[in-house]
Amino acid sequence: MATPVTVREQIVLPVPVEAAWAFLGDTPRMVALDPLLEAYEPERGHIEEGTPNRVTTRVGPLRLTATSRTEVIAAPHRAVFVSVQPTRPVHVRTEDTLEPDADGCRYTVTSTLTPTVPVIGPLAARLMARVVARSRRELMRRLREALTPR
């Protein structure tokens, strides 16, 4: 079995957990802030456990469409999403958590990219991890800016 690659980014947001949860759950706003996302369409119109989600990303000139499934929604502290299609060459599991912090709340996003095929899977996981990490850092910067009172 190939070794998974983990990407973790976190930030302290200057709002309580409940306010951050409401902001993060606003899909159109999050798509506008996320440099990797072009569209995120939950099958049932909103994110809930078991819901398939059509995810469209853009990496440079490449436009990719995939399906994820919402595994866990434990409002307002935790959400877990897993890739459903394609499952090759990499399976992705992403967990978002919100925890109280003295300055607001700590938002952590952890993605685990697990190769599902030999040779190309580990390479694809490492490349995807670099793209995801860069995108997440920019997303965290944009989130802080959007949630900081002026």
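From a predicted model like this one, the values you see are computed outputs, not experimental measurements. One is the number of the first residue; the rest follow in order along the sequence.
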Got a second to check how far [X]'s [atom1] is from [Y]'s [atom2], nearest 0.5 Å?
X: T114; Y: H91; atom1: OG1; atom2: NE2; value: 7.0 Å
X: T51; Y: E71; atom1: OG1; atom2: CD; value: 11.0 Å
X: T57; Y: L64; atom1: OG1; atom2: CG; value: 4.0 Å
X: L113; Y: R93; atom1: CG; atom2: CZ; value: 12.0 Å
X: T110; Y: D96; atom1: OG1; atom2: CG; value: 8.5 Å

Looking at every heavy atom in both [X] and [Y], which two are closest together, and how far apart are they?
X: E145; Y: R150; answer: O-NH2, 3.7 Å
X: V117; Y: I120; answer: CG2-CG2, 3.2 Å
X: P115; Y: A125; answer: CG-CB, 3.9 Å
X: R29; Y: F23; answer: NH1-CE1, 3.0 Å
X: A79; Y: W21; answer: CB-CH2, 4.2 Å
X: A129; Y: V5; answer: CB-CG1, 3.5 Å

Among the clusters formed by ILVMFWY side chains lying less than 4.5 Å apart, do [X] and [Y] turn up in the same one?
X: V131; Y: V55; result: no
X: F81; Y: M140; result: yes
X: V109; Y: L139; result: yes
X: V17; Y: I47; result: yes
X: V82; Y: I73; result: no

### Query
Transitive ILVMFWY cluster of V12 at side-chain heavy atoms under 4.5 Å: who else is in it?
none
Look at the side chain of [X] and the backbone N and O of [Y], then say whether any donor-acceptor pair between them is shorter than 3.5 Å.
X: Q10; Y: Y107; value: no
X: S83; Y: V92; value: yes
X: R88; Y: T116; value: yes
X: H77; Y: L98; value: yes

### Query
Any salt bridge between R44 and E48, counting N to O under 4.0 Å?
yes
### Query
Salt-bridged, E138 to R141, with N to O below 4.0 Å?
yes
### E43 vs R54, salt bridge (Lys or Arg N to Asp or Glu O under 4.0 Å): CA-CA, chis, key distance, verdict
CA-CA 7 Å; E43 185 177 272; R54 182 183 163 127; over 6 Å; no
Side-chain donor-acceptor pairs of residues 31-42 under 3.5 Å, sequence neighbours excluded:
unit_1, atom_1, unit_2, atom_2, d
D34, OD1, L36, N, 2.8
D34, OD1, S135, OG, 3.4
E38, OE1, R58, NE, 2.8
E38, OE1, R58, NH2, 3.2
E38, OE2, R63, NE, 2.4
E38, OE2, R63, NH2, 3.2
Y40, OH, N53, ND2, 3.3

### Task
Start with the C-alpha gap between T108 and E95, add the side-chain angles, then the distance that decides, and say whether side chain to side chain contact (heavy atoms under 4.5 Å, CB included) holds.
CA-CA 8 Å; T108 305; E95 181 173 359; over 6 Å; no
#### Entry: Beyond-backbone contact of I11 with R106, side-chain heavy atoms, under 4.5 angstrom
no
### Query
Does some side-chain heavy atom of R137 sit less than 4.5 Å from a side-chain heavy atom of E9?
yes
### Whether over 12 other heavy atoms sit under 6.0 Å from E49 CD
yes
### Task
Start with the C-alpha distance between R136 and S111, add both sets of side-chain angles, then the distance that settles side chain to side chain donor-acceptor pair (under 3.5 Å), and finish with yes or no.
CA-CA 10 Å; R136 290 273 167 69; S111 291; 3.0 Å; yes
